[in-house]
Amino acid sequence: MGSEALDRPHLQHGISTMSAKTLFITGASSGIGAATARLAVSKGWHVGLFARSEDKLQSLVNELGDKAMALPGDVTDLDEVKAALDRFVAHAGPLKAAYANAGTGLSTSGTEAGDPEEWAKMIQVNVMGVLWTAKAAMPHLKPQAGHLLLTGSAAGRRHLSGSVYGATKWFVHGYGGNLAEEMKEFGGRCTIIAPGMVDTPFFDEAKPDKLQPEDVARAAVFALEADPRCSVNEVFLMPTQ
């Protein structure tokens with residue numbers, strides 16, 4: 001075993017070949033991120049899985065095999081995102097796509113009842129985490145005319161009474177449109193994946209009648225695999241009930 005492997009004790013599977021289809025996913029340990037990783041791997045993508053939960057990431061890597069790489073880290077730390085991307089690119093080859101999917105919500109809603117400390121933590125993930133992912137990924141994506149995906153929300157397309165969470169998703173939608181204009185300059189693409197309610201660990205109670213993570217994953221991979229002449233700027237999904 002070489003020194004590189006010893007430096008990465010959390011990796012049981014290494015990506016052994018360079019791939020033209022490389023995707024870095026934040027918030028990859030569960031929900032939409034994990035479902036997207038599973039579907040992308042089934043379509044021949046190599047995936048870099050970034051999230052705070054090393055155990056969950058390693059379990060997913062064990063499931064997906066050598067097309068997946070666990071990259072534990074904190075999306076609110078720009079240096080950690082940059083380091084993870086550098087490691088993934090060194091292992092898998094030039095970056096074709098990145099998915100800024102990590103997000104969190106609030107335990108209480110409304111302006112008066114809201115917890116300012118909870119707001120600050122959420123903004124660090126939902127706003128700064130998107131900015132850090134875009135900033136860290138852009139130098140890798142630009143030479144490849146690559147693709148950036150962002151997880152938006154139905155809450156970022158309509159006004160909800162006192163919703164600070166919704167406001168963070170309005171940011172994602174606005175910034176995503178601005179990124180799409182910026183990335184056109186080098187032939188790149190930016191897509192907002194905007195679901196309504198999804199049955200994920202984001203909610204305390206199961207929502208079996210709502211969207212499933214696999215629904216959102218299919219939308220993300222649809223955008224990724226669109227012909228290069230076609231920019232899918234937004235996919236808006238809503239549950240039928």
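Only this structure's heavy atoms are used, side chains among them; waters, hydrogens and symmetry mates stay out.
With hydrogens and angles disregarded, a donor-acceptor distance shorter than 3.5 Å links the side chain of T191 to the backbone of V232. In this structure, H173 contributes its side chain and S153 its backbone to a donor-acceptor pair below 3.5 Å. Here the side chain of T26 pairs a donor or acceptor atom with the backbone of A102 at under 3.5 angstrom. At distances below 3.5 Å, not a single donor-acceptor pair connects side-chain atoms of E80 with backbone N or O atoms of V75. Formation of a donor-acceptor pair under 3.5 Å by the W132 side chain with backbone atoms of T76 is found in this model. At distances below 3.5 Å, not a single donor-acceptor pair connects side-chain atoms of R87 with backbone N or O atoms of K82. With hydrogens and angles ignored, the 3.5 Å screen pairs a side-chain donor or acceptor of W170 with a backbone N or O of R158. In this structure, the side chain of D77 does not engage the main chain of D74 through any donor-acceptor pair within 3.5 Å. Not a single donor-acceptor pair under 3.5 Å links the side chain of K169 to the backbone N or O of A154. Remark: the backbone N or O of L160 is not paired with any side-chain donor or acceptor of S163 at under 3.5 angstrom.
Taking the six-membered ring wherever Trp is involved, the centroid distance between the rings of F24 and F50 falls below 6.0 Å.
Note on F236 and Y175: separate hydrophobic clusters, where clusters join Ile, Leu, Val, Met, Phe, Trp and Tyr whose side-chain heavy atoms are under 4.5 Å apart, directly or indirectly. Neither Y99 nor L39 shares a network with the other; the hydrophobic side chains, linked directly or stepwise wherever heavy atoms of I, L, V, M, F, W or Y lie under 4.5 Å apart, form separate groups for each. The cluster map of Ile, Leu, Val, Met, Phe, Trp and Tyr, joined by side-chain heavy atoms under 4.5 Å apart, puts V221 and L150 in different clusters. Under the 4.5 Å side-chain heavy-atom criterion for grouping Ile, Leu, Val, Met, Phe, Trp and Tyr, L95 is connected to M183 within one hydrophobic cluster.
Across all their heavy atoms, M69 and V61 have their closest contact at C-CG2, 3.9 Å. Residues A28 and A51 share a closest heavy-atom pair of N-CB, 3.9 Å.
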| message | The test is side chain to side chain contact (heavy atoms under 4.5 Å, CB included); show your working for L141 and L148 and say whether it passes. | response | CA-CA 8 Å; L141 294 174; L148 187 61; 4.2 Å; yes

| query | Taking it one step at a time, do H46 and D66 satisfy side chain to side chain donor-acceptor pair (under 3.5 Å)? | reply | CA-CA 8 Å; H46 285 69; D66 63 4; 5.7 Å; no

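Within the 4.5 Å cutoff, the side chain of N126 has heavy atoms near those of the T104 side chain. Side-chain contact between Y165 and M122 is present, with heavy atoms from C-beta onward closer than 4.5 Å. By the 4.5 Å heavy-atom criterion applied to side chains, L57 and D55 are not counted as neighbours. Using a 4.5 Å cut-off on side-chain heavy atoms (C-beta onward), L224 and L23 make contact. Between L149 and N101, the closest side-chain pair of non-hydrogen atoms is not below 4.5 Å. When side chains are defined from C-beta on, F171 counts as touching L131, because their heavy atoms get closer than 4.5 Å.
Comment: E214 does not engage R38 in a salt bridge, judged by the lack of any side-chain N to carboxylate O separation of less than 4.0 angstrom. Salt-bridge check for K121 with E118: failed, with every basic side-chain N at 4.0 Å or more from each acidic carboxylate O.
The environment of CZ in F222 is sparse: at most 12 heavy-atom neighbours from other residues, nucleotides or ligands sit within 6.0 Å.
In summary, of the residues considered (L211, D215, L237), a side-chain contact (heavy atoms from CB on, under 4.5 Å) with V198 occurs for L211 alone.
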